[in-house]
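All heavy atoms count here, side chains included; hydrogens, waters and symmetry mates do not.
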Amino acid sequence: MAALSKSIPHNCYEIGHTWHPSCRVSFLQITGGALEESLKIYAPLYLIAAILRKRKLDYYLHKLLPEILQSASFLTANGALYMAFFCILRKILGKFYSWTPGFGAALPASYVAILIERKSRRGLLTIYMANLVLLFCITAAMYMFFFRCKDGLKGFTFSALRFIVGKEEIPTHSFSPEAAYAKVEQKREQHKEKPRRMNMIGLVRKFVDSICKHGPRHRCCKHYEDNCFSYCIKGFIRMFSVGYLIQCCLRIPSAFRHLFTQPSRLLSLFYNKENFQLGAFLGSFVSIYKGTSCFLRWIRNLDDELHAIIAGFLAGISMMFYKSTTISMYLASKLVETMYFKGIEAGKVPYFPHADTIIYSISTAICFQAAVMEVQTLRPSYWKFLLRLTKGKFAVMNRKVLDVFGTGASKHFQDFIPRLDPRYTTVTPELPTEFS
């Protein structure tokens, strides 16, 4: 741990914005780059969410753009205000301490930034040290349990899970098996009355239907049109296709930028490994969850909410196909938030005003401190995110100067020497530069 009282006399240009001596210009450059990347992140995210939630036309016309801009402004402010407070603290204190380049600048920046974001999106973000797949397994187990419980989940979370795992796994509290079976029989009769053209899709559908009509199905299972085996296979195919198409859509902007210069790169839009990884993740999650649920109904001869804990945990293993820290930590934080508010409703947990804002600010400040002083301790995915948000400028900090604090700040930047203009430095640069 670096001594908190130790300091260095360098200015913010010599350590932070080494690419330009002006604090104002550096701030504007960070802001522009962060805004561009934020829009790239949130535009497809909100669009996909709106499609999954089956939003009406009024939402797309009047609410979609403002929500995208609000979230993009939050993320932009997080990066831009960090640069601003980085310079402000140096001017106030007159020097740098071990805590000011990271934690000190990031804490007020992240606090102000999170206030810009919509309150419904202020998740409880925490520092993560647990194994990624295990964390996702536990998170998935609890989510699926709440999904199966009466009034366990509401709003977008419930709608998203219903879309992913299917309405057959909706809680049985208000569900009549006899009525559902009658509806299925009625639908089959209607299909018999209306002959379909036997094109290729029709032939495939007929083949799948012929398989689905045969095979065992437990009386507690609500997938009346399929047996248990085909029920799982259909779930895998459906969500694999969704994951594949989502990843393709996310890669469209970058692929079309090279449409004329490198036309061959368009092929990567359809044959990229990440496309299949996301599809395998979603498809296997659904098929494992459904398969385990059916298996437990067979061996226990009943449909129980507790089955969702086991099925959800095992389904979490699917994270091995698409190891995403972002997905795992976001879902974990939202789960903590859900359990926290359920505890408040039950009168078991005290309510702390602005808890989400405070925890987010501290967590982000700690991550920024690690990104400045000890990059080797930071998760690679978060480091890549910071580089993307700042257009690579986070990597050009003068970390050799920060080695005096004993954290090994320049461990992964041994070959980097910033080209500083001596006219704007307080300490003579270690090596001669191109300026004279």
Side-chain angles (χ1 to χ4, degrees), residues 51-52 133 136-137 140-141 143-144 147-148 159-172 175 177 180-181 183-185 187-188 191-192 196 198-248 270-304 307-322 327:
I51 294 172
L52 293 179
V133 175
F136 184 71
C137 288
Y143 262 119
M144 301 316 300
F147 176 70
R148 290 295 310 274
S159 300
L161 286 176
R162 182 176 58 185
F163 174 81
I164 293 172
V165 300
K167 60 184 179 182
E168 296 85 4
E169 297 296 335
I170 292 177
T172 57
F175 193 91
Y181 186 79
K183 288 182 179 180
V184 171
E185 290 299 317
K187 189 183 295 185
R188 285 177 177 171
H191 281 301
K192 288 180 180 179
R196 295 196 303 265
M198 297 305 291
N199 53 20
M200 182 60 69
I201 297 177
L203 288 171
V204 173
R205 186 179 182 86
K206 184 178 180 181
F207 174 73
V208 173
D209 288 343
S210 65
I211 297 176
C212 296
K213 290 178 182 177
H214 302 88
R217 179 187 63 79
H218 194 271
R219 63 179 183 83
C220 294
C221 294
K222 295 182 291 184
H223 46 89
Y224 299 107
E225 293 183 319
D226 306 315
N227 60 59
C228 293
F229 178 76
S230 62
Y231 175 58
C232 299
I233 297 299
K234 277 186 173 182
F236 176 85
I237 295 174
R238 173 174 169 268
M239 289 312 300
F240 179 89
S241 303
V242 170
Y244 177 84
L245 290 174
I246 288 175
Q247 199 67 38
C248 283
F270 303 101
Y271 297 103
N272 189 273
K273 182 176 69 173
E274 291 183 0
N275 297 7
F276 296 97
Q277 287 177 335
L278 182 59
F281 162 58
L282 292 177
S284 59
F285 180 89
V286 172
S287 59
I288 293 173
Y289 176 80
K290 290 184 173 182
T292 306
S293 298
C294 288
F295 175 75
L296 292 173
R297 285 190 281 259
W298 275 95
I299 63 173
R300 296 193 66 204
N301 201 31
L302 57 88
D303 190 19
D304 192 348
H307 292 175
I309 296 180
I310 301 174
F313 183 88
L314 293 178
I317 299 174
S318 60
M319 176 61 74
M320 297 180 66
F321 291 108
Y322 191 80
I327 293 175

Can you confirm whether [X] sits close enough to [Y] that some side-chain heavy atom of one is under 4.5 Å from a side-chain heavy atom of the other?
X: F285; Y: M239; answer: no
X: V242; Y: L245; answer: no
X: C294; Y: Y231; answer: yes
X: H307; Y: L302; answer: yes

To the nearest 0.5 Å, what is the distance between [atom1] on [X] and [atom2] on [Y]?
X: K290; Y: K234; atom1: NZ; atom2: NZ; result: 9.5 Å
X: S293; Y: I288; atom1: OG; atom2: CD1; result: 11.5 Å
X: I237; Y: C232; atom1: CD1; atom2: SG; result: 11.5 Å
X: R238; Y: I233; atom1: CZ; atom2: CD1; result: 15.0 Å
X: T292; Y: F313; atom1: OG1; atom2: CZ; result: 11.5 Å
X: F295; Y: C228; atom1: CZ; atom2: SG; result: 11.5 Å

The salt bridge (charged side-chain N to carboxylate O under 4.0 Å, His left out) partners of R162 (sequence neighbours excluded) come to none
Please report the closest heavy-atom contact between [X] and [Y], naming both atoms and the distance.
X: A308; Y: R148; value: CB-CG, 3.5 Å
X: A141; Y: I309; value: CB-O, 3.3 Å
X: V286; Y: V165; value: CG1-CA, 4.4 Å

Would a distance-only check, ignoring hydrogens and angles, find a side-chain to backbone donor-acceptor pair under 3.5 Å from S284 to F281?
->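 Yes, S284 side chain to F281 backbone: donor-acceptor pair under 3.5 Å.
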The side chain to side chain contact (heavy atoms under 4.5 Å, CB included) partners of F276 (sequence neighbours excluded) come to F240, Y244
